[in-house]
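Presented below is the structure to which this report refers.
What you see is a predicted model, and the numbers here were worked out from it, not measured in a lab.
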Amino acid sequence: MFLKAKRDEIIEGLQKSANIIPAKTGAAFLRTIWLKAEAGALAVMSTDSNLEFSGSYPAVIQEEGLAGVQGRAFYDLVRKLPAGAEITLKTDAEKQNLLVEQGARKYKLPLNDPEWFQKFSAFPENGTLFWSGDLLNEIIEKIAFCISDEDSMEAIACMYMLPAQAGPMDEGKRVDVCGLNGHQFAMFSFINDDVHALLPEEGILIQKKYLLELKKWLSADEIELSISNKRLFFRTGDRKETFSLPLSYYQYPNFRGFLAKLGDQNASTLHANRLEMIDALERITIFNTETNRCTYITFRPDESILSSQGQETGTATETLESSFQGTLPHIAFPTKNLIEILNHFGSEKVKFVLTGAEAPCGITGESDPEYLVILMPMMIQEETYYSEDNA
């Protein structure tokens, strides 16, 4: 292999490739970035045995070939080379080392056994669609924080995307995207006939750990999407980069039951200013302790009283202007969870649908019509306000 390429034209691809490989642990072949010179371009490829990345970048090819190098070391080297200049990559006569040159700078990196290279999954060319990378990024942001971090939790360690039944006001086919971790649930819905048609009837499950890597790769540009029996594929609009991940096949919990509870005619409702509530909660969290991590909310028709107490921290009480309708006297939520949820909305005002002191609470925003988060309250003990031990 012998090629010349501009450092600035390949560095982003090397970064994306290095992102998905383990830094120091794992088998050596999984820590490899593969470089393939052919057809007038440099292909950069890597995998952690589940995720796969490949990109094609401009290069002057003098000799075609394949070379595998220790990925992090190679990326770090190229990253620290001066920007703007051309670099030369070539294998030595014995095919034992990759020689990297930039002007008077010369480096030698040992090559990995080419037999370690395994063919990457091909992007399925049938039934593809183009979609907004910006919207997919937003969906992951709004859903991922509600997904369990524990892989052993199977389905609830995944984002669930499924074709949904159209609502009476919908002007197209609806897709629901869900995340659940046992005490929180988030759902983002959108109208897209093409995505609806691409998804299997049972929907698809994507593990959270893969979503976070996908998010690093995504940009705001348009992407091409395709699904095979086992994998989900993404490709840039110019077809230069491909990212794919494995699908999971667990049974996702039936979430329609607790969604239905939000329609209870006896549910109470609270309307409040989102930023004012976050501001108050940030101060109240100072008074939370390891055993009392909640904010206790008492409802009045035109105000809400937020409070917390700790034996070592003291007490905090704040009153917020709000609008409340219903019979529920009070409720307790984990303070940090509530702050995190409210930060994922963009609306000035938020609405709480409160189905009971220990029953699901739905949160929506007037400017976030397609977004819903459900939070479970904590059990209230009158002597000590609340205790997570009884949650």
Side-chain angles (χ1 to χ4, degrees), residues 19-20 48-51 131-164 174-190 192 195 198-200 202-218 223 225 227 230-234 243-259 261-262 293 333-346 350 360-365 368 370-378 388 391:
N19 276 343
I20 70 170
D48 68 351
S49 80
N50 291 301
L51 300 174
W131 198 24
S132 165
D134 195 37
L135 176 58
L136 180 55
N137 215 338
E138 179 186 358
I139 290 171
I140 296 173
E141 179 69 24
K142 287 183 175 292
I143 299 299
F145 79 101
C146 280
I147 301 173
S148 174
D149 292 315
E150 300 295 330
D151 291 344
S152 60
M153 299 303 288
E154 298 184 343
I156 68 171
C158 302
M159 183 175 80
Y160 186 34
M161 180 181 292
L162 71 157
R174 180 173 294 274
V175 176
D176 289 339
V177 188
C178 308
L180 173 68
N181 63 12
H183 61 276
Q184 291 179 178
F185 171 83
M187 184 170 74
F188 185 90
S189 298
F190 62 94
N192 190 303
V195 176
L198 184 67
L199 292 171
E202 67 277 12
I204 59 173
L205 290 170
I206 308 168
Q207 288 192 43
K208 181 176 182 176
K209 60 184 180 181
Y210 301 148
L211 285 175
L212 301 181
E213 296 302 327
L214 171 62
K215 198 170 185 299
K216 294 177 185 177
W217 175 79
L218 279 172
I223 56 171
L225 181 66
I227 301 176
K230 295 182 178 180
R231 299 186 72 83
L232 180 61
F233 294 82
F234 303 88
F243 185 98
S244 71
L245 53 85
L247 296 172
S248 296
Y249 291 90
Y250 302 117
Q251 184 67 41
Y252 202 76
N254 182 5
F255 57 88
R256 300 294 179 187
F258 53 80
L259 284 181
K261 291 183 179 181
L262 301 181
R293 298 199 292 262
F333 291 119
T335 309
K336 290 185 178 180
N337 293 52
L338 186 53
I339 292 171
E340 183 177 35
I341 290 170
L342 293 175
N343 276 323
H344 280 85
F345 284 87
V350 288
C361 168
I363 305 172
T364 56
D368 302 273
E370 306 297 336
Y371 187 43
L372 164 70
V373 180
I374 294 178
L375 176 63
M376 291 300 295
M378 307 304 293
E388 283 208 334

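Judged by distance alone, the side chain of Y371 and the main-chain N or O of F345 form no donor-acceptor pair under 3.5 Å. Checking side-chain atoms of N343 against main-chain N and O of I339 turns up a donor-acceptor pair under 3.5 Å.
Listed by first and then second residue, the ring pair (Phe, Tyr, Trp, His ring centres under 6.0 Å) pairs involving residues 136-162 are F145-H344, Y160-Y252 (not counting sequence neighbours). Within the structure, the salt bridge (charged side-chain N to carboxylate O under 4.0 Å, His left out) test picks out the following pairs touching residues 175-187 (sequence neighbours left out): D176-R256.
Of all non-hydrogen atoms in G362 and L262, the two that sit nearest each other are N-CD2, 3.6 Å. Summarising the geometry of L162 relative to C178, their closest heavy-atom pair is CD2-SG, 4.3 Å, with the distance given to 0.1 Å. Across all non-hydrogen atoms, the minimal contact from I363 to V350 is CG2-CB, 4.5 Å. Summarising the geometry of W131 relative to M161, their closest heavy-atom pair is CH2-CE, 4.3 Å, with the distance given to 0.1 Å. Nearest heavy atoms, G346 versus D368: N-OD2, 3.1 Å.
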Fill in: N50/L245 under side chain to side chain contact (heavy atoms under 4.5 Å, CB included): CA gap, chis, key distance, verdict
CA-CA 6 Å; N50 291 301; L245 53 85; over 6 Å; no

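To the nearest 0.5 Å, the span separating OG1 on T364 from CE on M187 amounts to 11.5 Å. With rounding to the nearest 0.5 Å, the separation of CD1 in I140 from CG in L218 is 5.5 Å. Atoms CG and CG, on L198 and L225 in that order, are 5.5 Å from each other to the nearest 0.5 Å. To the nearest 0.5 Å, atoms OG (S189) and CG (L372) are separated by 8.5 Å. The structure places CG of L180 at 7.0 Å from CZ of F185, a figure rounded to the nearest 0.5 Å.
Two residues are said to be in side-chain contact when any heavy atoms from C-beta on lie closer than 4.5 Å; L211 and I147 meet this criterion. By the 4.5 Å heavy-atom criterion applied to side chains, F190 and V177 are counted as neighbours. For the pair L232/I206, a side-chain contact is recorded, criterion being any heavy-atom separation below 4.5 Å from C-beta on. Annotation: side chain of L259 is in contact with side chain of F255 (closest heavy-atom distance under 4.5 Å).
Listed by chain and number, the residues in a side chain to side chain contact (heavy atoms under 4.5 Å, CB included) with N181 are S148, H183, Q184 (sequence neighbours excluded). Here K216 pairs with E213 under the side chain to side chain donor-acceptor pair (under 3.5 Å) rule; sequence neighbours left out. Applying the salt bridge (charged side-chain N to carboxylate O under 4.0 Å, His left out) rule to R231 yields no partners; only residues at least two apart in sequence or on another chain are considered. Residues meeting the ring-ring contact (aromatic ring centres under 6.0 Å, His included) test with F243, sequence neighbours left out: W217. Listed by chain and number, the residues in a salt bridge (charged side-chain N to carboxylate O under 4.0 Å, His left out) with D149 are K208 (sequence neighbours excluded). Qualifying salt bridge (charged side-chain N to carboxylate O under 4.0 Å, His left out) partners for E141, counting only residues two or more places apart in sequence or in other chains: K215. Checked against side chain to side chain contact (heavy atoms under 4.5 Å, CB included), C158 has the following partners two or more places apart in sequence or in another chain: L205, Q207, S248, Y250. Considering only residues two or more places apart in sequence or on other chains, D48 meets the side chain to side chain donor-acceptor pair (under 3.5 Å) condition with none of them. By the side chain to side chain contact (heavy atoms under 4.5 Å, CB included) test, P360 is found to be paired with F258, K261, T355, I374, M376, residues two or more places apart in sequence or in another chain being considered.
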Tabulate below the donor-acceptor pairs under 3.5 Å that side-chain atoms of residues 150-157 make, not counting sequence neighbours, or state none.
from, atom 1, to, atom 2, distance (Å)
D151, OD2, K209, NZ, 3.3

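The residues E370 and R174 are annotated as salt-bridged, a charged nitrogen and a carboxylate oxygen being separated by less than 4.0 angstrom.
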